[in-house]
Amino acid sequence: MYAERAGRLPGSVVWTSTPPLFQPGRVLPDGCMDLLWHDGRLLVAGPDTRAFVTGGERSGWAGIRFFPGTAPTFLGVPAREVLDRRVELADLWSAGRVRRLTARVNAAADPARGLEEVALGLAADAGAPDPLLGEVVDALDAGRTVAATADRLELGARQLHRRCLGAFGYGPKTLGRVLRLQRALRLARRGMPYAETAACAGYADQAHLARDVRELAGLPLGELLGRR
């Protein structure tokens with residue numbers, strides 16, 4: 001079972017999940033990074049360029065999903081270093097710091113609330129992320145091209161690419177593609193016909209939508225929408 005709610009940290013989502021026994025889950029690319037709790041351990045989920053298929057063990061997970069581009073500021077880790085990876089927090093931070101934070105989460109009434117408290121503390125210590133990164137997300141999520149986004153933000157193409165690598169783990173073209181996938185899935189899940197979904201989300205046609213979904217999500221669109 002999966003449940004989520006808006007977090008107190010702006011733009012974040014707090015979630016919990018207990019997968020059905022022996023049924024793998026599928027985490028789709030969304031441009032985000034997560035701080036995870038599992039079996040008393042803390043991990044970092046890096047940004048994905050393809051679907052991440054979880055194991056079939058029936059054990060609980062909790063996480064806080066940071067708004068795209070913000071986690072590297074809070075965690076002190078460039079996104080490109082954890083791209084397509086799930087990494088023990090102890091591999092990124094000092095052992096003593098991880099022990100203290102892990103104990104704090106494990107002592108909380110529930111791990112999700114403990115993670116949220118930790119994230120709020122990290123954000124307070126780190127300060128606000130670069131506001132330009134939010135503008136990058138907004139522009140690409142609105143369907144602007146990479147060139148138009150760079151022009152709008154008065155950045156050169158190389159500057160934009162470099163900023164994106166650290167914040168999102170990949171360049172603006174891939175980020176735009178991931179955000180477009182999420183737009184399409186939101187529309188399709190509301191029952192919008194696939195051809196109309198493709199047009200509204202910014203695809204050339206329905207076939208383009210189908211190819212992108214299969215490449216990024218690993219399943220045909222119809223099968224993907226039938227999964228929870």
Side-chain angles (χ1 to χ4, degrees), residues 1-19 25 27-49 52 54 57 59-138 141 162-170 175 178-179 182:
M1 184 176 68
Y2 176 85
E4 67 176 38
R5 62 173 172 81
R8 285 182 285 159
L9 182 66
S12 70
V13 173
V14 178
W15 58 268
T16 58
S17 177
T18 303
V27 181
L28 303 184
D30 58 7
C32 300
M33 291 173 57
D34 295 51
L35 181 61
L36 309 174
W37 174 92
H38 178 63
D39 286 344
R41 298 154 33 231
L42 297 182
L43 306 93
V44 171
D48 295 318
T49 58
F52 181 84
T54 64
E57 299 177 2
S59 53
W61 289 80
I64 181 163
R65 183 178 308 121
F66 299 99
F67 186 80
T70 61
T73 298
F74 304 145
L75 300 177
V77 179
R80 63 180 178 274
E81 293 187 8
V82 289
L83 183 65
D84 289 321
R85 300 171 63 199
R86 272 51 179 170
V87 182
E88 297 274 355
L89 188 59
D91 292 337
L92 304 174
W93 289 1
S94 68
R97 187 184 186 194
V98 173
R99 279 196 301 270
R100 290 191 297 273
L101 290 181
T102 302
R104 182 177 174 186
V105 174
N106 288 335
D110 67 84
R113 186 169 295 277
L115 281 175
E116 186 174 27
E117 293 295 336
V118 165
L120 287 166
L122 294 176
D125 291 342
D130 184 352
L132 181 140
L133 300 172
E135 294 182 46
V136 171
V137 174
D138 290 344
D141 196 32
R162 185 168 59 250
R163 299 282 281 273
C164 285
L165 285 180
F168 308 109
Y170 34 61
L175 177 61
V178 165
L179 295 175
Q182 291 294 330

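Just so it is clear, the structure is predicted and the values come from calculations on it, not from any experiment.
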Whether Gln182 side chain and Pro29 backbone form a donor-acceptor pair below 3.5 Å: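 Confirmed, Gln182 side chain pairs with Pro29 backbone.
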Expected output: side-chain Asp34 to main-chain Leu36 donor-acceptor under 3.5 Å: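 Looks like no, no N/O pair under 3.5 Å.
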CZ/Arg41: more than 12 non-hydrogen atoms of other groups inside 6.0 Å: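 More than 12 within 6.0 Å, yes.
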4.5 Å side-chain heavy-atom contact, [X] and [Y]:
X	Y	answer
Phe66	Leu9	yes
Leu43	Trp37	no
Val105	Val118	yes
Val98	Glu88	no
Trp15	Ile64	no
Pro68	Val136	no
Arg65	Asp30	yes
Pro72	Pro78	no

Arg163 and Asp130: CA distance, side-chain angles, deciding distance, side-chain contact (heavy atoms from CB on, under 4.5 Å) verdict: CA-CA 10 Å; Arg163 299 282 281 273; Asp130 184 352; 2.4 Å; yes
Candidate pair Arg8 and Glu117, rule side-chain contact (heavy atoms from CB on, under 4.5 Å), full reasoning: CA-CA 9 Å; Arg8 285 182 285 159; Glu117 293 295 336; 2.3 Å; yes
Note: Asp48-Arg86 ion pair, threshold 4.0 Å (strictly below):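 A salt bridge links Asp48 with Arg86.
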Looking at [atom1] of [X] and [atom2] of [Y], how far apart are the two atoms once the value is rounded to the nearest 0.5 Å?
X	Y	atom1	atom2	result
Ser17	His38	OG	NE2	10.5 Å
Arg85	Phe52	CZ	CZ	11.5 Å
Leu165	Tyr170	CG	OH	11.0 Å
Glu4	Ser12	CD	OG	11.0 Å
Leu75	Leu92	CG	CG	8.0 Å
Leu133	Glu135	CG	CD	9.0 Å

For Ala108 against Gly114, the heavy-atom pair lying closest together: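 That closest heavy-atom pairing would be CB-CA, 3.6 Å.
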Pair Val13-Phe67, side-chain contact (heavy atoms from CB on, under 4.5 Å): steps then yes or no: CA-CA 8 Å; Val13 173; Phe67 186 80; over 6 Å; no
Modelled atom types, side-chain donor and acceptor of Trp61 and Asp39, under 3.5 Å: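 Judged by distance alone, the side chains do not pair up.
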Any residue meeting side-chain hydrogen bond (donor to acceptor under 3.5 Å, both in side chains) with Arg5, in chain and number order, not counting sequence neighbours: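 Counting only residues at least two positions away or on another chain, Arg5 forms a side-chain hydrogen bond (donor to acceptor under 3.5 Å, both in side chains) with Glu116.
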